[in-house]
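A short worksheet on the structure shown next.
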2 protein chains.
Amino acid sequence: MNIGLAAKQTGVSAKMIRHYEAIGLVRPAARRENLYRDYGERDVHDLRFIRRARKLGFSIEEIGGLLALWRDETRPSSEVRRIATVHVEDLENRVAEMLAMIATLRRLIDACPGDATPDCPILADLGDACHRTLT
Amino acid sequence: MNIGLAAKQTGVSAKMIRHYEAIGLVRPAARRENLYRDYGERDVHDLRFIRRARKLGFSIEEIGGLLALWRDETRPSSEVRRIATVHVEDLENRVAEMLAMIATLRRLIDACPGDATPDCPILADLGDACHRTLT
DNA sequence: CCTTGACCTTCCAATGATGGGAAGGTGTAC
DNA sequence: GTACACCTTCCCATCATTGGAAGGTCAAGG
């Protein structure tokens, strides 16, 4: 099948399919006589795998590791679990940071009149030379 | 003051200070005879403002708008509030997405034996041709 | 046979925020 | 006078993705 059809069937854009090939995440596609890439079942599987892993926020590097484990019949599930755990902890750290941002911003927004007057605690907080975190 | 001192006083690296100047986020610094950049009170203020806004996750573009409002004595606080609200809603959306990823991954990790056996629900979920979200 | 439109190819560039480093000029302290 | 810390500009890299240009290929229809 052509790259366009593979893209439709996997939800990965043709652009990204070529890119994943260029960086070595997927094996180079077979080529027809006209040099068009030709995809089969296994390629489609790998691309779907990648798309799902991306949706779960795995990096390309992590996905490379997961794909290798997928292909390794003798893989220990502990290794997969380790990668996923490291990733989920990273996600949790980032969420915690973002929640802190949100809490601060919500406080500032609540304190801001939001009318035509120029007095705004949001700008005051960002610009105040004697900066302190609101409590 | 030199760019290095300004960097120390504001927490913005010299690299980034030059970058912010290049993209027009801050006004071009005054130059001494030797072409060294020369920073004053107001520059330091703007850089601190930027650093704090970055810590709250505002994009450079949003910060440009906030800085302009800061300098505008007649700004309506409603405009500042609007920018902050849009941003916080964006943050909340991203957090919700990440929480969904985390929930899915936690379920998969909990179901994974994490031992030397190759059977792993994490890979099964990523690779299954008949894919369904775990409930 | 020729055109049109939809596909495919490769290559180059941009995004946003930041860091790294090279090559070269300047300032200061010993 | 020389060593060292600082400054300058310029280019490149990251990460994942998108966009476009320039050109080749294929199928349908006039």
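Below, read A as the first sequence line, B as the second, and so on, with proteins coming before strands; counting in each chain starts at 1. Keep in mind that the numbers below use all heavy atoms, side chains included, and drop hydrogens, waters and symmetry copies.
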| task | Report the C-alpha separation of A/Arg71 and A/Arg42 in whole Å, then their side-chain angles, then the decisive distance to 0.1 Å, and conclude whether the side chain to side chain contact (heavy atoms under 4.5 Å, CB included) test is met. | result | CA-CA 11 Å; A/Arg71 295 191 190 111; A/Arg42 180 180 151 184; 3.6 Å; yes

| said: Could you walk me through whether B/Arg94 and B/Leu91 satisfy the side chain to side chain contact (heavy atoms under 4.5 Å, CB included) test, starting with their C-alpha distance in whole Å, then the side-chain angles of each, then the deciding distance to 0.1 Å, before giving a yes or no? | reply: CA-CA 5 Å; B/Arg94 278 151 57 194; B/Leu91 285 175; 4.3 Å; yes

| Should B/Glu79 and B/Arg82 be marked as a salt bridge (charged side-chain N to carboxylate O under 4.0 Å, His left out) after you check the CA-CA gap, both sets of side-chain angles, and the distance that decides it? | CA-CA 5 Å; B/Glu79 177 62 9; B/Arg82 194 189 58 76; 3.1 Å; yes

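If you measure from atom CD1 of B/Ile23 to atom P of C/dT15, you get 11 Å, rounded to the nearest angstrom. A/Leu47 places its CG atom 16 Å from the P atom of D/dA16, with the value rounded to the nearest Å. Distance, A/Ile3 CD1 to C/dC7 P: 13 Å, rounded to whole Å. Distance A/Tyr39 OH to C/dC8 P: 10 Å, rounded to the nearest Å. Distance, B/Ile50 CD1 to C/dT18 C1': 14 Å, rounded to whole Å. When the P atom of C/dC11 is taken as reference, atom CG of A/Leu35 falls 12 Å away, rounded to whole Å. One can place CD of B/Glu33 at 15 Å from P of D/dT8, the figure rounded to the nearest angstrom. The distance from atom CG of B/Leu25 to atom P of C/dG16 is 13 Å, rounded to the nearest whole Å.
If you check every strand for non-hydrogen atoms under 4.0 Å, B/Arg32 touches nothing.
Checking C/dT10, C/dT18, D/dA16 against the side-chain heavy atoms of A/Arg37 singles out C/dT10 as nearest. Which of D/dT9, D/dT17, C/dG19 sits closest to the side chain of B/Ser13 comes down to C/dG19. For A/His19, whose side chain is taken as the heavy atoms from C-beta onward, the closest listed nucleotide among D/dT18, C/dT9, D/dT17 is D/dT17.
Scored by the side chain to side chain contact (heavy atoms under 4.5 Å, CB included) test, B/Gln9 finds B/Met1, B/Leu5, B/Val44, B/Arg48 as partners (sequence neighbours excluded). Scored by the ring-ring contact (aromatic ring centres under 6.0 Å, His included) test, B/Phe58 finds B/His87 as partners (sequence neighbours excluded). Every residue two or more places apart in sequence or in another chain that forms a side chain to side chain contact (heavy atoms under 4.5 Å, CB included) with A/Pro118 is listed here: B/Arg75.
Partner of B/Glu21 under the side chain to side chain contact (heavy atoms under 4.5 Å, CB included) criterion, chosen from B/Ile3, B/Val26, B/Asp43: B/Val26.
Relative to the axis of its first five pairs, the axis of the last five pairs of the helix from C/dC1-D/dG30 to C/dC30-D/dG1 sits at 30°, rounded to 10 degrees.
With a 4.5 Å cut-off on side-chain heavy atoms, A/Trp70 and B/Leu126 do not count as touching.
Under the 4.5 Å side-chain heavy-atom criterion for ILVMFWY residues, a single connected hydrophobic cluster contains both B/Ile63 and A/Ile109. Cluster membership for B/Val86 and B/Leu67, using ILVMFWY side-chain heavy atoms within less than 4.5 angstrom, is not shared.
A heavy-atom distance below 4.0 Å to DNA chain D is reached by none of the residues of residues 57-69 of chain B.
A salt bridge does not link B/Asp46 to B/Arg27: none of the charged nitrogens lies less than 4.0 Å from a carboxylate oxygen.
Contact between the side-chain N/O atoms of B/Arg31 and the OP1/OP2 oxygens of D/dT9 is found at a separation under 4.0 Å. Side-chain N/O atoms of A/Arg54 include one lying less than 4.0 angstrom from OP1 or OP2 on D/dT17.
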| message | I'd like to compare against my own output: the B/S/- annotation of nucleotides 21-30 of chain C with a strict under-4.0 Å heavy-atom distance to protein. | response | B---BBS---

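A donor-acceptor contact under 3.5 angstrom links the side chains of A/Thr117 and A/Asp115, judged on distance only.
For B/Asp38 and A/Met16, each mapped to the nucleotide of DNA chain D holding its nearest heavy atom, the one lying further toward the 5' end belongs to B/Asp38.
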